[in-house]
Each structure stands twice: as C-alpha cells, then as structure tokens.
Amino acid sequence: MLYEVESKKKITRIPHHDSYKTWHDRLAPEEYQAITDELHSRIDGEEIKTSSWIPGNDWRGTVFQPIYEKACRHNYDAAARFFGIIVWCVFMEHKEKWGFGKYKLNDIPIKGMTYFRVEI
C-alpha cells in the first residue's frame with residue numbers, strides 16, 4: 001500500500017496512465033509478471049528503496065530488458081519513466097505500508113522516487 005505521507009492518503013492512481021497502458025500492452029503478461037515478481041523480491045524485507053537504484057545500469061539479460069527493447073522501443077527516457085511507474089504500482093499493491101518522496105544525496109537531486117516504510 002502506498003501513502004502520501006503528509007495527508008496520510010492512500011494512493012490508488014497510476015501516474016501517466018495513458019503512457020503506462022501503451023507500454024504495458026507491448027509486454028507479454030509473463031514478461032510483466034516477471035518484472036513485478038523481481039521488484040517484489042528486491043523490496044521485501046527492506047525499509048527504504050530508491051527506484052532508480054533498483055535495476056542497475058545494464059538491463060541486458062535481466063527481466064527488465066523488455067521494458068527498454070519491447071515496451072519502449074529502445075527509448076531510454078521512456079524506459080526509465082515506465083520502470084518508475086511499474087515500481088510505483090508494485091508499491092501500491094504491496095502488503096506493507098509505504099510512503100514516498102523526492103530527495104537529494106549530497107545536495108544533488110536523486111533521479112528516482114524514494115520509497116520508505118511508514119506507520120499510518
């Protein structure tokens with residue numbers, strides 16, 4: 001479950017839904033499931049996760065490769081955005097309660113969204 005921390009409002013909407021749907025529909029159901037399964041395995045048991053740090057720089061040979069090649073047709077920016085939305089969806093569906101925000105590291109903005117467990 002995903003919550004907006006200040007308002008304690010549960011998040012139920014997928015951002016950029018039209019783009020998400022287009023990219024999602026280009027993946028086979030088993031490809032999308034493999035991606036979400038991998039994300040769940042990387043999130044479970046953690047207290048904090050930053051989306052852009054999850055997949056690494058080289059997606060070749062990973063379950064994330066079809067995001068770039070198939071869903072986003074070799075468009076790096078679209079693949080990064082789609083990956084971020086998938087992560088968002090995984091946190092929305094997660095059994096634990098999570099908050100989110102945009103933060104800096106050493107005064108440099110972090111590209112991805114940072115998620116953290118909350119008690120709401």
Treating Ile, Leu, Val, Met, Phe, Trp and Tyr as nodes and any side-chain heavy-atom pair under 4.5 angstrom as an edge, say whether M113 and I14 lie in one connected cluster. yes
Heavy atoms of F83 and S51 approach each other most closely as CE2-O, 3.2 Å
Heavy-atom neighbours of E30 CD exceed 12 at 6.0 Å: yes
What pair of heavy atoms forms the shortest contact from R117 to E96, and how long is it? NH1-OE1, 2.6 Å
Near K104 NZ, under 6.0 Å, is it more than 12 heavy atoms from other residues, nucleotides or ligands? no
Taking C-beta and beyond as the side chain, do I35 and F82 meet within less than 4.5 Å on heavy atoms? no
Under a 4.5 Å cut-off applied to non-hydrogen side-chain atoms, are W23 and I85 in contact? yes
Salt-bridge present (D77, R81; N to O < 4.0 Å): no
One should read off an interatomic distance between Q33 CD and L27 CG, to the nearest 0.5 angstrom, of 12.0 Å
Just by distance, do the side chain of K111 and the backbone of A80 share a donor-acceptor pair under 3.5 Å? no
Side chains of F116 and K49 in contact at under 4.5 Å (non-hydrogen atoms): no
Should F91 and W98 be marked as a ring-ring contact (aromatic ring centres under 6.0 Å, His included) after you check the CA-CA gap, both sets of side-chain angles, and the distance that decides it? CA-CA 7 Å; F91 278 107; W98 291 82; 4.7 Å; yes
At their closest point, which heavy atom of N75 faces which heavy atom of A78, and how far apart are they? OD1-N, 2.8 Å
Note: K97 and Y3 closest approach over all heavy atoms is CG-CE1, 3.7 Å
I need the R26 CZ to E31 CD distance, nearest 0.5 Å. 13.0 Å
Taking all non-hydrogen atoms of both residues into account, name the closest pair between S52 and G112 and its distance. OG-N, 3.2 Å
May I ask you to check whether over 12 heavy atoms, not counting those of R42, lie within 6.0 Å of atom CZ? yes
I110 and W53: side-chain contact (heavy atoms from CB on, under 4.5 Å), yes or no, with the steps? CA-CA 10 Å; I110 298 171; W53 299 347; 3.9 Å; yes
Atom pair OG/CD of S41 and E46 - distance to nearest 0.5 Å: 10.0 Å
In the structure I gave you, are the side-chain heavy atoms of E38 and I54 within less than 4.5 Å of one another anywhere? no
Worked check of side-chain contact (heavy atoms from CB on, under 4.5 Å) between V118 and K8: CA-CA 10 Å; V118 294; K8 298 183 180 176; over 6 Å; no
Are side-chain heavy atoms of I67 and I86 found at a separation under 4.5 Å? yes
Can any side-chain N or O of N106 pair as donor or acceptor with the backbone N or O of I108 at less than 3.5 Å? no
Atom pair CG (L2) and NZ (K9), whose distance is rounded to the nearest 0.5 Å: 12.0 Å
Do V87 and I48 sit in one hydrophobic cluster, given that two such residues count as connected whenever their side-chain heavy atoms are within less than 4.5 Å of each other, even indirectly? no
Parallel, tilted or perpendicular: ring planes of W88 versus Y115, cut at 30 and 60 degrees: perpendicular
Is a donor from one side chain sitting under 3.5 angstrom from an acceptor on the other, for S7 and E4? yes
Closer than 3.5 angstrom, by distance alone: can the side chain of T62 be matched with the main-chain N or O of D58 as a donor-acceptor pair? no
Assess the pair Y20 and H16: is the distance between their ring centroids shorter than 6.0 Å? no
Rounding to 0.5 Å, atoms CZ (R13) and SG (C89) come to a distance of 12.0 Å
Do M1 and M92 have side chains that get closer than 4.5 Å, going by heavy atoms? no
Flag side-chain contact, heavy atom, 4.5 Å: H40 against I43: no
Is there side-chain contact between P55 and Y68, with heavy atoms separated by less than 4.5 Å? no
